[in-house]
Amino acid sequence: MAGSVQPAAAAPGTPATLEVRGLTKEYRRGTPVLRGISLVFPDRGITAVIGPSGTGKSTLIRCINRLVEPTAGAILFHGADMARLSGRALREHRRRIGMVFQEYNLVERLTVMENVLSGRLGYLSSWQAFLRRYPPQDIAMAWELLDTVGLAQYANRRADALSGGQRQRVGIARAVMQQPDILLADEPTSSLDPKTSVEIMELLAGITDTRHIPVIVNIHNVPLAKRFASHVIGMAGGAIVYNGPPGGLTDDHLNQIYGGEDWQE
Amino acid sequence: MPSGLTAQTRPPAFLPNWPARIAWIALIAYTFYAASILDVTWERFVTGIDNGMRFLARMVPPDTGASKLQLLAKGLYESIEIAIIASALGIVLSLPIGLLAARNLMPAWVTWPMRLFIALCRSFHQVIIAIVFVKAVGFGALAGILALTVASIGFIGKLFADAIEEISLKQVEAIRATGAPFMSVITYGVLPQVLTRFVGFATYQVDSNLRNSTMVGMVGAGGIGGTMFAAFQRFDYDFLLTILLAIIAVIMVSEALQNRVKKLYQ
């Protein structure tokens, strides 16, 4: 399995960039968190995965880039089964999948610039990375992305000097730095205040529009999901209960996903 | 409404801890018993003070004869060399050993032997290890360097492994998610989180090696210790004072340097 990954050319008729088939995950035997999920993810726009805490949204996203080992099923990324890759082939597919984390997961003691450039680590030898010998075009791209997220003036600050919203912007810049074919975002707004949450979602929407990178975002804030997503996947109890446009999402669906009606205003 | 308990039924605010009291009494009793067995008496202590004062009186003024100073410089310089070489070797070897001993990054079949090796390095005092190496490689600085290297691995290796076990795995996970190769995950995800502490351990070990390098000479492993031991044997107490003052000066200079180094890596 040599690791040549085709760029995302979403011509009609070609298979989707990302598809999961029969994906199952059990952290403990006999108690599945994901119950045989099969899904074709859209090749454009923001896909929001909604559902209550503990329903397997995070596990689903983490199985895609194998931060979590799936128990059974296939994860087809550009036709290659991520679940069966290992070593170099896994890394070469992983670098085409960007990831944004709930708690930003920046390396606190590295600078903002180093954090953004670390998105290129999948393309560099360890020795080049250690000596900070990044190709000039990588550094140029890092500056451009820092401009995009509005943090160029903080390039040489340490990541732990930034606020939550700023950190998440750096996290997004790092993920885009990978030049990914798909961007995963695991509850990117859950640690942020409402205003900053909207700004982060606007940033993700801008990236999917201008760079044509499909974004899959876990989010439990339904209004935010409806506002930004072009596609919604509703999960409950480790299974999919809704898969369609945000407009088709009814109160009945939401009751099925979140259970009861008390939480709705 | 007040609590239902009246003054009579309330328990005391502070309960006596009888097991702890008994343990303290037993410890004090044993200390007196052991002192009587070992013939530790007040009279001997008082005579000792008298001897000590005479010993101190013979130390002043320090001997600063040219030949003595030359001897001092040679021995002290060798001690510093031993300390620096042993620290460098110890620090370089402790990095991989500490990484391999970290149970949050490595599988058990790697960490177990590494932890065992580190524990072995820590088991014996430097002077005992030095005696073994003097027997193995002969008298001189090499034995001292090897002994202090082993001690350095025992100390830095263990603390470094423990520090790695306390890092945030979220930062490591993020680097892994970029498709970074294993060594890049270490240099970007792990090392930045522990570098400051590693520098702290390393500078502390340099300090400790400096002090211990003045001692391994007493068993023939090179450095000022040999000169100092000879001065003791020949009752050259005034030269002994010169040596002690010189060691104090070296330790103080090293302390100042350490603080500078630590500031570089905050």
Side-chain angles (χ1 to χ4, degrees), chain A residues 3 5 61-62 64-68 85 87-111 114-132 158-160 167 170-171 174-180 183-184 186, chain B residues 91-100 102-110 159-203 261-266:
Chain A
V5 180
I61 276 212
R62 279 157 191 271
I64 291 170
N65 63 358
R66 285 273 299 281
L67 289 180
V68 165
L85 297 180
R88 189 183 188 87
L90 174 63
R91 291 201 305 272
E92 280 173 354
H93 283 77
R94 232 181 215 163
R95 70 187 185 190
R96 306 309 298 256
I97 304 175
M99 181 135 177
V100 176
F101 298 85
Q102 175 177 351
E103 289 168 34
Y104 334 122
N105 295 21
L106 302 182
V107 182
E108 303 275 315
R109 286 178 167 271
L110 293 183
T111 64
E114 284 171 320
N115 269 289
V116 173
L117 279 171
S118 69
R120 297 306 291 172
L121 287 177
Y123 300 86
L124 249 66
S125 77
S126 294
W127 188 240
Q128 287 172 306
F130 179 70
L131 296 176
R132 307 292 191 266
R158 238 165 61 172
D160 54 10
R167 288 185 200 202
V170 176
R174 172 175 68 188
V176 176
M177 197 67 199
Q178 290 175 235
Q179 295 187 299
L183 198 62
L184 310 174
D186 187 12
Chain B
I91 291 167
V92 167
L93 291 172
S94 296
L95 257 168
I97 288 172
L99 268 170
L100 292 173
R103 283 169 290 207
N104 54 348
L105 296 183
M106 295 291 160
W109 61 269
V110 178
L159 291 182
F160 189 43
D162 289 348
I164 293 175
E165 287 180 356
E166 288 166 18
I167 62 172
S168 147
L169 287 175
K170 293 186 170 183
Q171 302 178 31
V172 180
E173 182 182 54
I175 299 296
R176 227 154 53 88
T178 65
F182 179 76
M183 279 314 293
S184 296
V185 175
I186 298 293
T187 56
Y188 274 73
V190 178
L191 287 185
Q193 297 194 54
V194 289
L195 187 65
T196 321
R197 296 184 66 187
F198 184 71
V199 169
F201 303 147
T203 51
V261 171
K262 279 187 197 160
K263 282 215 179 91
L264 285 180
Y265 284 96
Q266 289 222 324

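Worth knowing before you read on, the calculation uses all heavy atoms, side chains too, and leaves out hydrogens, waters and symmetry mates. Throughout, protein chains are lettered first and strands after them, A, B, ... in sequence-line order, and every chain is numbered starting at 1.
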Quiz item: Considering all heavy atoms of both residues, which atom of A/R174 and which atom of B/A174 are nearest to each other, and what is their separation?
Solution: NH2-CB, 3.3 Å
Quiz item: At a heavy-atom separation under 4.5 Å, does A/Q128 approach chain B through its side chain, its backbone, both, or neither?
Solution: neither
Quiz item: Listed by residue number, which members of residues 195-202 of chain B have a heavy atom under 4.5 Å from any heavy atom of chain A?
Solution: B/T196
Quiz item: Between B/L100 and B/V110, which heavy-atom pair has the shortest distance, and what is it?
Solution: O-CG1, 3.6 Å
Self-check item: A/R132 to B/Y188 six-membered ring, cation-pi geometry met (6.0 Å, 45°)
Solution: yes
Quiz item: Take atom NZ in B/K170; do more than 12 heavy atoms of anything else shown fall under 6.0 Å from it?
Solution: no
Quiz item: So how far is it from B/I175 CD1 to B/I186 CD1, rounded to the nearest 0.5 Å?
Solution: 11.5 Å
Quiz prompt | Contacting moiety of A/L90, where chain B heavy atoms sit under 4.5 Å | solution = neither
Practice problem: Over all heavy atoms of both residues, which pair between A/G98 and A/P180 is shortest? Give the atoms and the distance, please. | Solution: N-CB, 3.4 Å
Quiz item: If you look at every heavy atom in A/N105 and B/E173, which pair is closest and at what distance?
Solution: ND2-OE1, 3.5 Å
Quiz prompt | Any A/V107 side-chain heavy atom under 4.5 Å of A/E114 side chain | solution = no
Self-check item: Contacting region of A/L184 [heavy-atom separation from chain B under 4.5 Å]
Solution: neither
Quiz item: Of the backbone (N, CA, C, O) and the side chain (C-beta and beyond), which part of A/L106 lies under 4.5 Å from a heavy atom of chain B, both, or neither?
Solution: backbone
Quiz item: Of all of A/M99, A/R120, A/M177, A/E108, which one pairs up most often with chain B through heavy atoms under 4.5 Å apart?
Solution: A/E108
